[in-house]
Visitor: 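Can you read through this structure? Questions will come right after.
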Amino acid sequence: MPMTDEEKKARKAIGAKKYREANKERLAIKKAADAKTEHNRALDKARGERYRAAHPERHRETSRKARAKRALIEKINARQKRVELMDSYVAQILRMPTAAVSPEIIEVERIRLKVKRLVRELENERTEKKCSTCKEYRSLLSFSRCRGTKDGHGYECLFCRRERKRGAALSKGLPYTPRKLDEFGRKRKHTPEELKAAKTAYYYANIETIRARDRARNKHRK
């Protein structure tokens, strides 16, 4: 019984696979030699263009997967270079090609980066910080929280921040009522005695309004 076209195609594919596995080294050498010639490079380029024109969707999907895989590998390699302070990373910090930097300069820059990292670790454990506006050292409680900074606190203290907001409001002609702040520049919490005194003072200052409101409320209830 003669074979169908599909059976012939499958048999041919199996034979080609067996041939490639048996002659893997010889084919690799031949491919490397052919890639060096201008004629074969032109043939590969033309073959690739025909494939991309015939299968655009498949080509885009394959390229997307290759880029994602390459990006992940590059991210892992970049992190490894940064952690171990490899020569290529140090040259990148110097903004120079790796081959153009001498080993002595790379070693000096590597020591500088190690010292910088150590100083940063010590700064993260500090209890005071210098304000960028008034240039005074204040407690970390005098700075607002900020996730974008290295130590988790803003650059400007709360006192300077209040003055800046007050100046901006006055320049626009807007009213500004400053809050009562404690020694760290945060909103001061009143004691129970202060709250009671403030309520009593408010009552006697607005006694007529409060009594009229109470009379209206009681009349409505009746």
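As the structure is a prediction and not an experimental result, all values here were calculated from the model. Quick note: numbers below take in every heavy atom, side chains included, and nothing from hydrogens, waters or symmetry partners.
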Visitor: Does Asp44 pair with Arg47 as a salt bridge, N-O distance under 4.0 Å?
Guide: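 The answer is yes: the pair qualifies as a salt bridge.
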Visitor: Is Glu61 close to Glu57 at the side-chain level, that is, under 4.5 Å between some pair of heavy atoms?
Guide: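 Counting from C-beta outward, Glu57 and Glu61 never come under 4.5 Å.
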Visitor: What heavy-atom pair brings Arg117 and Val83 nearest, and what distance separates the two atoms?
Guide: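 Closest heavy-atom pair between Arg117 and Val83: NH1-O, 3.5 Å.
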Visitor: Do you know which two heavy atoms are closest between Ile210 and Tyr202, and how far apart they sit?
Guide: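 Between these two residues, the closest heavy atoms are CD1-CE2, 4.3 Å.
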Visitor: So does Glu6 pair up with Lys9, basic N to acidic O under 4.0 Å?
Guide: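 Salt bridge between Glu6 and Lys9, a charged N being under 4.0 Å from a carboxylate O: no.
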Visitor: Please give me the minimum heavy-atom distance between Cys131 and Cys157, naming the atom from each residue.
Guide: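 Where Cys131 meets Cys157 most closely, the heavy atoms are SG-N, 3.4 Å.
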Visitor: Which heavy atom of Asp214 sits nearest to which heavy atom of Arg217, and what is that distance?
Guide: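 For Asp214 and Arg217, the tightest heavy-atom pair comes out as OD1-NH1, 3.0 Å.
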Visitor: How about Ile93 and Glu109: do any of their side-chain heavy atoms sit closer than 4.5 Å?
Guide: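 Touching, per the 4.5 Å side-chain cut-off.
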Visitor: Report yes if some heavy atom in the side chain of Lys135 is under 4.5 Å from a heavy atom in the side chain of Lys130; otherwise report no.
Guide: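 With C-beta onward as the side chain, the pair touches.
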Visitor: Restricting to non-hydrogen atoms, name the atom on Phe159 and the atom on Ser142 that form the minimum distance, rounded to 0.1 Å.
Guide: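 Answer, listing the atom of Phe159 first, then Ser142: CE1-OG, 4.5 Å.
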Visitor: Any side-chain heavy-atom pair from Arg138 and Phe143 closer than 4.5 angstrom?
Guide: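 Heavy-atom side-chain distance check passes, below 4.5 Å.
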Visitor: If the threshold is 4.0 Å, N to carboxylate O, is there a salt bridge linking Lys196 and Glu193?
Guide: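 Answer for the salt bridge query: no.
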Visitor: Give a yes or no on whether Glu25 atom CD has more than 12 heavy-atom contacts from other residues, nucleotides or ligands under 6.0 Å away.
Guide: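 Atom CD in Glu25 is not crowded, with 12 or fewer foreign heavy atoms closer than 6.0 Å.
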Visitor: Inspect the contact between Lys81 and Asp87 and indicate whether a charged nitrogen and a carboxylate oxygen are less than 4.0 angstrom apart.
Guide: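 Result for this pair is no, no salt bridge flagged.
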Visitor: Considering only heavy atoms from C-beta outward, does the side chain of Leu118 approach that of Lys114 to under 4.5 Å?
Guide: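 The answer is no; the side chains never approach within 4.5 Å.
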Visitor: Among residues two or more places apart or on two chains, list those pairs meeting side chain to side chain donor-acceptor pair (under 3.5 Å) that have a residue in residues 155-171.
Guide: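 Only Thr133-Glu156, Glu156-Arg164, Glu163-Arg166 qualify under side chain to side chain donor-acceptor pair (under 3.5 Å).
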Visitor: Measure the shortest side-chain to side-chain distance between Leu170 and Leu174 over non-hydrogen atoms and say whether it is less than 4.5 angstrom.
Guide: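 No. Closest side-chain heavy atoms not under 4.5 Å.
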Visitor: If every non-hydrogen atom of Leu94 is compared with every non-hydrogen atom of Val101, which pair is closest and at what distance?
Guide: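 Scanning both residues, the minimum pair turns out to be CD1-CG1, 4.0 Å.
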Visitor: Got a salt bridge between Lys18 and Glu21, using NZ or NE/NH1/NH2 to carboxylate O under 4.0 Å?
Guide: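 Answer for the salt bridge query: no.
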Visitor: Begin from the C-alpha positions of Glu107 and Ile111 and carry the test side chain to side chain contact (heavy atoms under 4.5 Å, CB included) through to its verdict.
Guide: CA-CA 6 Å; Glu107 187 62 27; Ile111 294 173; 4.2 Å; yes
